[in-house]
Amino acid sequence: MSSGPRFRFAPSPTGFFHVGGARTALFNWALAKRLRGRFVLRIEDTDEARNRPEWTDGIIDALAWIGIRGDDPVFEGPYFQSHYADAHLLAAERLFTSGAAYYCDLTSEEVQERAKASGLSGYDGYSRDRGLGPAPGRVLRFRVPDGETVVHDLVRGDVVFDNSTIEDFVLLRGNGTPMFLLANVVDDMEMRISHVVRAEEHLPNTPKQQMLWDALGQRPPVWAHVPLLVNEQRKKLSKRRDKVAVEQYRDEGYLADAMVNYLMTLGWSPPGDEEIVPWSTIEATFRLEDVNHSPAFFDIKKLSAFNGEYIRMLSIEAFIAACQPFLHSEDVPWPPERFDPAKFAALASVVQSRATTLSEVPGVVDFMFLDDPILDELAWEKTMATPGAKEVLSETTDAYRNIEPWEASVLKETLEAIGERHGMKKGKAQAPVRVAVTGRAVGPPLFEALEVLGRDEVVRRLTTVGMGIGTA
RNA sequence: GCCCCCAUCGUCUAGUGGCCUAGGACACCACCCUUUCAAGGUGGCGGCACGGGUUCGAAUCCCGUUGGGGGUGCCA
């Protein structure tokens with residue numbers, strides 16, 4: 001077995017994969033790769049996960065999307081019951097036998113009552129010396145020793161906890177099943193995990209886990225607690241309030257590379273001036289010691305800016321390939337059989353320089369594949385109210401019927417000449433034609449689009465709408 | 001309540017006692033370019049939470065205050 005570092009990432013399935021989780025996974029992944037260690041992906045087991053295995057699959061998919069996979073495929077999935085259930089119980093038994101843990105027959109209500117009566121919070125150690133053995137309804141509690149526990153954290157330095165502030169916590173429930181805390185520690189031991197990199201919310205529970213490692217006679221792993229990701233209210237990202245599903249960003253046309261790069265800049269920054277850097281740079285330079293201490297806000301605007309840059313970095317072929325899922329999805333606005341790859345390719349480069357996300361691409365090129373463009377009535381009225389607009393439209397229509405050759409530059413010259421005669425600037429003059437042909441007042445460069453659409457269709461649209469003027 | 005963490009432009013960050021008159025990026029604003037919209041270019045706005053120390057010198061070190069967050073289950 002390899003003796004290198006072993007990192008683990010253990011999300012709990014909640015129906016989707018969280019951006020905060022993705023960031024933590026990325027931190028683990030970068031480290032595992034740089035230090036040539038192992039990356040253990042294990043999905044925490046919950047009732048939800050057991051009832052809905054597709055949730056677990058979704059997490060594995062989302063991780064794969066951002067380039068992460070477990071080095072130990074066997075752990076890709078719920079593990080809790082299936083792999084180490086025996087080890088959990090064995091560890092509990094050892095702790096009881098050695099005196100590090102003891103049984104207690106108080107119910108949680110009784111614990112609360114005693115706490116209220118004494119004015120102290122939490123469990124008071126009532127059964128510490130009562131010598132109780134295991135029995136149904138009795139919980140196994142850890143005997144927290146006197147003194148203090150120092151957690152050596154790679155991100156935060158030494159964090160000191162006074163053990164007197166930690167109550168004797170439960171290891172085994174009254175029904176004999178292990179608590180998460182115990183299971184987690186035992187799983188880490190069984191998997192020989194050497195580095196635990198997780199979100200800061202786990203820091204307050206770390207001394208408990210560390211005491212368990214100590215009591216079980218093993219050296220604790222290297223701890224590292226990375227800052228939380230928060231919403232605009234500075235609260236921990238929550239699935240209720242916040243849009244945090246990684247899958248959703250994938251579906252909206254964010255590129256995995258952009259997502260990964262952006263996520264890595266939350267709590268860390270690459271050396272040098274550039275923050276848009278390839279993964280190879282990240283992998284070569286990421287260090288936990290350089291991770292920030294304060295929570296970071298997940299800013300979709302900045303993610304979008306990254307995404308736009310990544311889209312523009314794509315070769316034209318890669319861009320076209322990346323667009324495919326969005327051009328052939330079910331909610332595309334045109335009849336699927338009308339889609340013409342050649343037409344799309346002809347306009348791809350001008351679309352590429354404008355896109356922030358891939359999902360907005362169909363809306364930019366839809367006029368090419370629709371029988372008739374979806375006319376923006378408001379834009380139409382506004383455009384045609386401009387003096388000279390009607391004239392430009394009808395004169396351009398006539399000119400385009402016979403113009404040769406049918407090329408963007410020629411179309412441009414012609415229309416601009418007509419516009420000039422009516423005292424209209426370039427942008428103003430093209431507006432009526434743009435709206436008539438594409439349905440909108442904004443869009444890709446007009447003459448390139450006209451060239452791709454072809455004379456017949458352009459003239460047809462200009463004529464159709466031109467007749468509309470008369471009736472309006 | 002108790003425990004823990006955190007504190008640089010609106011946001012993400014650089015900064016590890018003098019290179020700081022605090023740098024960059026996103027956002028925003030203006031201008032340039034321009035075929036609408038983008039992209040690109042130039043410029044602008046904007047910050048070390050507060051109070052005490054330590055030091056010749058503090059964004060940086062110490063203490064306190066304030067503010068924010070997290071944890072504290074027979075949840076995971």
Side-chain angles (χ1 to χ4, degrees), chain A residues 10-14 44-49 80 104 106-109 111-112 119-123 137-141 151 153 155-156 159-162 164-167 169-177 179-181 183-184 199-208 225 227-228 230 232-236 262 265-276 292-306 308-309 312 350-356 364 379 383 408 412 415-416 425-431 433-435 438 440-449:
Chain A
S12 56
T14 49
E44 303 288 33
D45 185 50
T46 62
D47 288 340
E48 289 173 330
F80 191 112
C104 174
L106 253 37
T107 63
S108 28
E109 292 76 37
V111 170
Q112 267 177 38
L120 297 166
S121 69
Y123 180 71
R138 290 181 185 172
V139 299
L140 183 68
R141 283 181 182 273
V151 173
D153 190 289
V155 173
R156 281 149 217 285
V159 185
V160 183
F161 295 86
D162 184 343
S164 66
T165 65
I166 302 171
E167 66 177 13
F169 52 95
V170 174
L171 263 16
L172 251 33
R173 300 185 182 88
N175 65 8
T177 57
M179 293 287 286
F180 171 74
L181 205 73
N184 204 245
E200 193 200 327
E201 53 188 312
H202 295 287
L203 184 55
N205 279 323
T206 304
K208 297 181 188 172
H225 290 89
L228 241 32
V230 297
E232 45 277 86
Q233 279 94 240
R234 304 252 112 210
K235 299 237 196 289
K236 187 169 79 166
Y262 175 64
T265 68
L266 261 24
W268 179 76
S269 67
D273 297 331
E274 281 302 315
E275 58 180 4
I276 305 262
N292 258 112
H293 295 188
S294 38
F297 169 58
F298 180 80
D299 185 359
I300 296 171
K301 279 196 177 157
K302 187 153 182 177
L303 200 216
S304 297
F306 270 52
E309 288 222 35
R312 272 167 253 128
V350 299
V351 174
Q352 179 180 16
S353 72
R354 263 148 264 260
T356 297
V364 176
T383 302
K412 177 174 186 285
L415 185 144
E416 282 173 2
K425 287 188 174 177
K426 295 170 179 177
K428 280 278 186 214
Q430 62 166 275
V433 175
R434 175 183 291 285
V435 182
T438 71
R440 298 194 191 85
V442 298
L446 180 61
F447 305 104
E448 288 76 355

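Here the structure is a predicted model, which is why all the values come from computation and not from measurement. Throughout, protein chains are lettered first and strands after them, A, B, ... in sequence-line order, and every chain is numbered starting at 1.
Nearer to the 5' terminus of RNA chain B, by closest-nucleotide assignment, is the contact made by A/S353 (compared with the other of A/S353 and A/L106).
Atom name C1', nucleotides B/U60 and B/G69: the rounded distance is 23 Å, in whole Å. Look at the C1' atom in both B/G23 and B/C9: the space between them is 12 Å, to the nearest Å. Separating the P atom of B/C6 from that of B/C61 is a span of 12 Å, rounded to the nearest Å. The P atoms of B/A22 and B/U16 are separated by 16 Å, rounded to the nearest whole Å. Using C1' as the reference atom, B/C32 and B/G51 are 48 Å apart when rounded to the nearest Å. A distance of about 12 Å separates the C1' atoms of B/G47 and B/A7, rounded to the whole Å. Comparing B/G10 with B/C28, their C1' atoms sit 9 Å apart, to the nearest whole Å.
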Polar atom pairs (N or O), protein with nucleotides 4-9 of chain B, under 3.5 Å:
residue: B/C5; atom: O2'; partner: A/R156; partner atom: NH1; Å: 2.7
residue: B/C5; atom: O2'; partner: A/E200; partner atom: OE2; Å: 2.8
residue: B/C6; atom: OP1; partner: A/H293; partner atom: ND1; Å: 3.2

Taking only nitrogen or oxygen atoms into account, show me every contact under 3.5 Å that the protein makes with nucleotides 21-30 of chain B, one pair per line with its distance.
residue: B/A25; atom: O2'; partner: A/E275; partner atom: OE2; Å: 2.2
residue: B/A25; atom: N3; partner: A/K302; partner atom: NZ; Å: 2.9

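Close to B/G70, at under 4.0 Å from its OP1 or OP2, lies no side-chain N or O of A/R234. Taking side-chain N and O atoms only, A/R354 has no distance below 4.0 Å to OP1 or OP2 of B/U35. Between A/T265 and B/U13 there is no side-chain N or O to OP1 or OP2 distance below 4.0 Å. Side-chain N/O atoms of A/N175 include none lying less than 4.0 angstrom from OP1 or OP2 on B/C74.
Between A/R141 and A/V170, the closest side-chain pair of non-hydrogen atoms falls below 4.5 Å.
Within a 6.0 Å radius of CG in A/D273, no more than 12 heavy atoms belonging to other residues, nucleotides or ligands are found.
In this structure, B/C45 forms no base pair with any nucleotide, since neither Watson-Crick nor G-U wobble geometry is met with both distances under 3.5 Å.
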